[in-house]
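Residue numbers start from 1 in every chain, and the chains themselves are labelled A, B, ... in the order their sequence lines are given, proteins ahead of strands.
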Number of protein chains: 2
Amino acid sequence: MKTIAIIDDDEYIGDMLEELLRKENYEVLRAYSGTEALLLLSQHRPDLVLLDLMLPGLSGEEVLTKIKDIPVIVISAKPDVEDKVKLLLGGAADYLTKPFDTKELLARIIVQLRNYKANDRRIITAGDLEIDTLSQQLSVEGVPVHLTKTEYAIIKLLIMNPSQVISKSAILDRISLDTPDCMESSLKVHMSNLRKKLRSVSDKEYIEVIWGIGYKLNEV
Amino acid sequence: MKTIAIIDDDEYIGDMLEELLRKENYEVLRAYSGTEALLLLSQHRPDLVLLDLMLPGLSGEEVLTKIKDIPVIVISAKPDVEDKVKLLLGGAADYLTKPFDTKELLARIIVQLRNYKANDRRIITAGDLEIDTLSQQLSVEGVPVHLTKTEYAIIKLLIMNPSQVISKSAILDRISLDTPDCMESSLKVHMSNLRKKLRSVSDKEYIEVIWGIGYKLNEV
DNA sequence: GAAAAAGGTAAAGAAATGGTTAAGATTTCA
DNA sequence: TGAAATCTTAACCATTTCTTTACCTTTTTC
């Protein structure tokens with residue numbers, strides 16, 4: 001998933017943009033002034049910036065000069081060609097004049113994003129366990145552990161529902177072991193192998209058995 | 001000096017553009033129809049294409065799909081948002097509606113050209129791997145490696161998404177191997193050949209297999 | 001406490017997946 | 001058109017992963 005920072009002091013427009021982008025499955029960051037924007041960018045690294053020019057404090061132009069290596073789409077109420085040229089030459093990747101069509105904005109966002117390497121991570125943690133859904137890797141207390149496809153599917157299910165009891169049938173559904181006869185015996189083995197791998201890194205008992213029902217991940 | 005191709009059947013506008021660009025010290029190529037454009041592009045490699053949509057013969061859209069890795073600025077009389085979106089998603093780098101201000105056009109040309117390094121090339125790197133999107137060449141630890149078109153498409157996809165698991169189906173989608181039955185066997189061979197070429201330069205294992213899922217580029 | 005039920009482990013065989021090679025088909029380019 | 005490069009297909013092998021089986025331990029129930 002890509003992250004987009006919206007820098008706009010107008011809360012109404014910002015909210016509208018945020019909703020629009022979230023619907024398209026982007027992660028959204030917000031800043032409401034130039035200084036806030038710089039703070040935000042020092043802490044996060046979005047894949048793209050939507051920058052409104054009318055900002056309190058620092059001007060949009062000043063903010064633009066501070067942004068390195070992230071494409072910036074400038075949004076402005078001024079249809080002035082002089083402004084457009086100045087901002088484009090100043091480093092903006094694109095320039096849209098209000099009012100704009102949201103479909104066009106989305107298309108231009110895609111244009112900008114497709115030029116850049118995706119460097120986002122999607123990490124889900126539960127206690128000392130951490131999975132990176134993009135590299136499909138598990139880390140236990142920071143140590144990467146190699147898992148098979150099925151083992152990864154199991155631990156992901158558990159991590160996404162920490163401290164909840166997951167029935168064996170739910171696990172079987174999710175990982176779709178489709179030999180109806182003898183699936184449970186297979187699951188037993190997968191659980192055993194998975195735990196063995198966790199144990200090779202840490203002594204903690206992450207996976208707890210709920211007798212007769214299923215399993216539960218303890219956030220130790 | 002940068003070279004810009006103008007593809008426009010309207011001689012008057014074309015002449016105007018050519019004069020404008022020459023004044024700005026660009027080299028100019030001209031084509032007056034879709035087929036002529038393709039011929040021109042097969043012989044020359046401009047740094048940028050200005051493409052008018054109203055073309056006799058091949059449509060501008062068709063021409064666009066044939067142009068790879070050269071930024072295309074579409075110029076159109078149609079202010080239709082639907083068209084804009086279609087062309088932008090279809091690979092256009094920018095879209096200007098007539099009538100436009102020439103200063104804005106020049107600024108947007110600079111924006112497009114600025115993405116390319118001083119030597120006129122767009123370089124994308126991941127660790128010791130580096131691709132040049134213009135010459136479609138890969139360098140491993142600085143050593144150029146010759147790749148076929150398909151191999152290049154694969155390594156580009158991996159380099160643009162470093163450390164991420166790319167499913168085989170995603171790769172197949174991207175490089176459009178279109179014999180649905182036996183594509184995987186083909187992919188296996190491409191991967192094998194690609195790795196062999198990488199191995200001939202470096203001992204590092206850049207491409208990792210994620211068993212049952214796909215591949216991942218390690219930034220060693 | 002014994003029997004029954006459920007879960008854990010280890011090992012072996014089965015199945016799936018990926019790697020490699022080579023030959024034939026196709027495309028490209030001079 | 002003919003030669004060279006590239007792509008596809010198929011066969012075979014190596015490796016990884018999954019399932020099955022047997023046997024063991026733990027928990028529950030009576």
Side-chain angles (χ1 to χ4, degrees), chain A residues 136-138 145-156 158 165-200 205-218, chain B residues 38-39 41-45 66 68 136-138 145-156 158 165-172 174-200 205-218:
Chain A
Q136 306 212 167
Q137 263 223 342
L138 168 75
V145 178
H146 171 81
L147 300 181
T148 70
K149 192 169 70 169
T150 308
E151 288 158 8
Y152 176 81
I154 293 172
I155 198 69
K156 183 176 172 191
L158 291 174
V165 180
I166 313 291
S167 72
K168 281 178 295 181
S169 64
I171 297 177
L172 290 169
D173 280 355
R174 201 54 97 78
I175 60 184
S176 60
L177 303 172
D178 24 28
T179 11
D181 305 335
C182 225
M183 315 186 296
E184 291 219 359
S185 63
S186 194
L187 177 59
K188 282 198 297 188
V189 178
H190 284 302
M191 294 306 301
S192 172
N193 292 335
L194 181 52
R195 295 217 254 206
K196 194 194 294 177
K197 288 181 180 177
L198 296 184
R199 237 179 284 134
S200 73
E205 273 301 319
Y206 289 101
I207 300 175
E208 186 186 336
V209 190
I210 309 302
W211 210 272
I213 300 175
Y215 297 89
K216 190 179 97 178
L217 188 72
N218 286 321
Chain B
L38 294 185
L39 184 67
L41 290 170
S42 70
Q43 292 166 342
H44 299 81
R45 219 179 155 76
K66 304 281 185 187
K68 297 280 176 218
Q136 311 222 143
Q137 265 231 337
L138 169 75
V145 178
H146 171 80
L147 299 182
T148 70
K149 203 168 66 174
T150 307
E151 288 158 8
Y152 174 79
I154 294 172
I155 198 70
K156 181 177 173 191
L158 291 174
V165 178
I166 312 292
S167 71
K168 280 179 296 180
S169 63
I171 298 178
L172 291 170
R174 212 48 105 72
I175 60 183
S176 60
L177 302 172
D178 27 25
T179 9
D181 303 336
C182 230
M183 311 185 298
E184 294 222 350
S185 63
S186 193
L187 178 59
K188 282 198 295 190
V189 178
H190 286 302
M191 294 305 303
S192 173
N193 292 335
L194 182 52
R195 296 218 251 205
K196 196 191 293 174
K197 288 181 181 177
L198 296 183
R199 237 179 284 133
S200 72
E205 274 300 319
Y206 289 102
I207 300 175
E208 186 186 335
V209 189
I210 309 302
W211 210 274
I213 300 174
Y215 297 89
K216 191 177 96 179
L217 187 73
N218 287 320

Fill in the blank from the handout: Here the distance between atom P of C/dG7 and atom CG of A/Leu187, to the nearest Å, is 9 Å
Fill in the blank from the handout: By salt bridge (Lys or Arg N to Asp or Glu O under 4.0 Å), A/Lys156 pairs with (sequence neighbours left out) none
Practice task
Grab the CG-P distance between B/Leu38 and C/dT28 for me, whole Å please.
Solution key: 14 Å
Exercise for the section: Give the rounded distance in Å between these two atoms: CD of A/Glu184 and C1' of C/dG7. Expected result: 10 Å
Exercise for the section: Select base, sugar-phosphate, or nothing to describe what A/Tyr152 touches, counting heavy atoms under 4.0 Å on all strands. Expected result: nothing
Problem - Spacing between B/Ile154 atom CD1 and C/dG18 atom P, to the nearest angstrom - result: 14 Å
Exercise for the section: In whole angstrom, give the distance that lies between atom CE of A/Met191 and atom P of D/dT19. Expected result: 14 Å
Handout entry: A/Ile210 vs B/Arg199, nearer the 5' end of DNA chain C by closest nucleotide
Key = A/Ile210
Exercise for the section: Please name all residues satisfying side-chain contact (heavy atoms from CB on, under 4.5 Å) with B/Ser192, sequence neighbours left out, ordered by chain then number. Expected result: none
Handout entry: Atom-to-atom span, CE of B/Met183 to C1' of D/dA10 - whole angstrom
Key = 17 Å
Please list each protein N or O that sits under 3.5 Å from an N or O in nucleotides 13-17 of chain D, with the distance.
residue: D/dT17; atom: OP1; partner: A/His146; partner atom: NE2; Å: 3.3

Handout entry: Side-chain heavy atoms of A/Thr148 within contact of A/Lys197, under 4.5 Å
Key = yes
Exercise for the section: Kindly say if B/Lys168 contacts the phosphate of C/dT17, meaning a side-chain N or O under 4.0 Å from OP1 or OP2. Expected result: no
Exercise for the section: Quick one: list whatever passes side-chain contact (heavy atoms from CB on, under 4.5 Å) with A/Lys216, sequence neighbours left out. Expected result: A/Val165, A/Glu208, A/Ile210, A/Asn218
Practice task
Using the closest heavy atom to pick a nucleotide of DNA chain C for each, name whichever of B/Val189 or B/Ile213 lands nearer the 5' end.
Solution key: B/Ile213
Handout entry: Residues which pass side-chain contact (heavy atoms from CB on, under 4.5 Å) with A/Arg174, listed by chain and number, not counting sequence neighbours
Key = A/Leu157
Exercise for the section: Choose from C/dT21, D/dA11, D/dT20 the nucleotide whose nearest atom is closest to any side-chain atom of B/Lys196. Expected result: C/dT21
Completion exercise
Atom NZ of B/Lys188 and atom C1' of D/dC7 are separated, to the nearest Å, by 15 Å
Problem - Student check: side-chain heavy atoms of B/Lys188 and B/Asn193 closer than 4.5 Å - result: no
Problem - For B/Lys168, all residues meeting side-chain contact (heavy atoms from CB on, under 4.5 Å), sequence neighbours excluded - result: B/Glu184, B/Leu187, B/Tyr215
Practice task
Compare side-chain N and O positions of B/Ser192 against OP1 and OP2 of C/dT20 and report whether any pair is under 4.0 Å apart.
Solution key: yes
Practice task
Could you state the atom-to-atom distance from CG of B/Asn193 to C1' of D/dA5 in whole Å?
Solution key: 12 Å
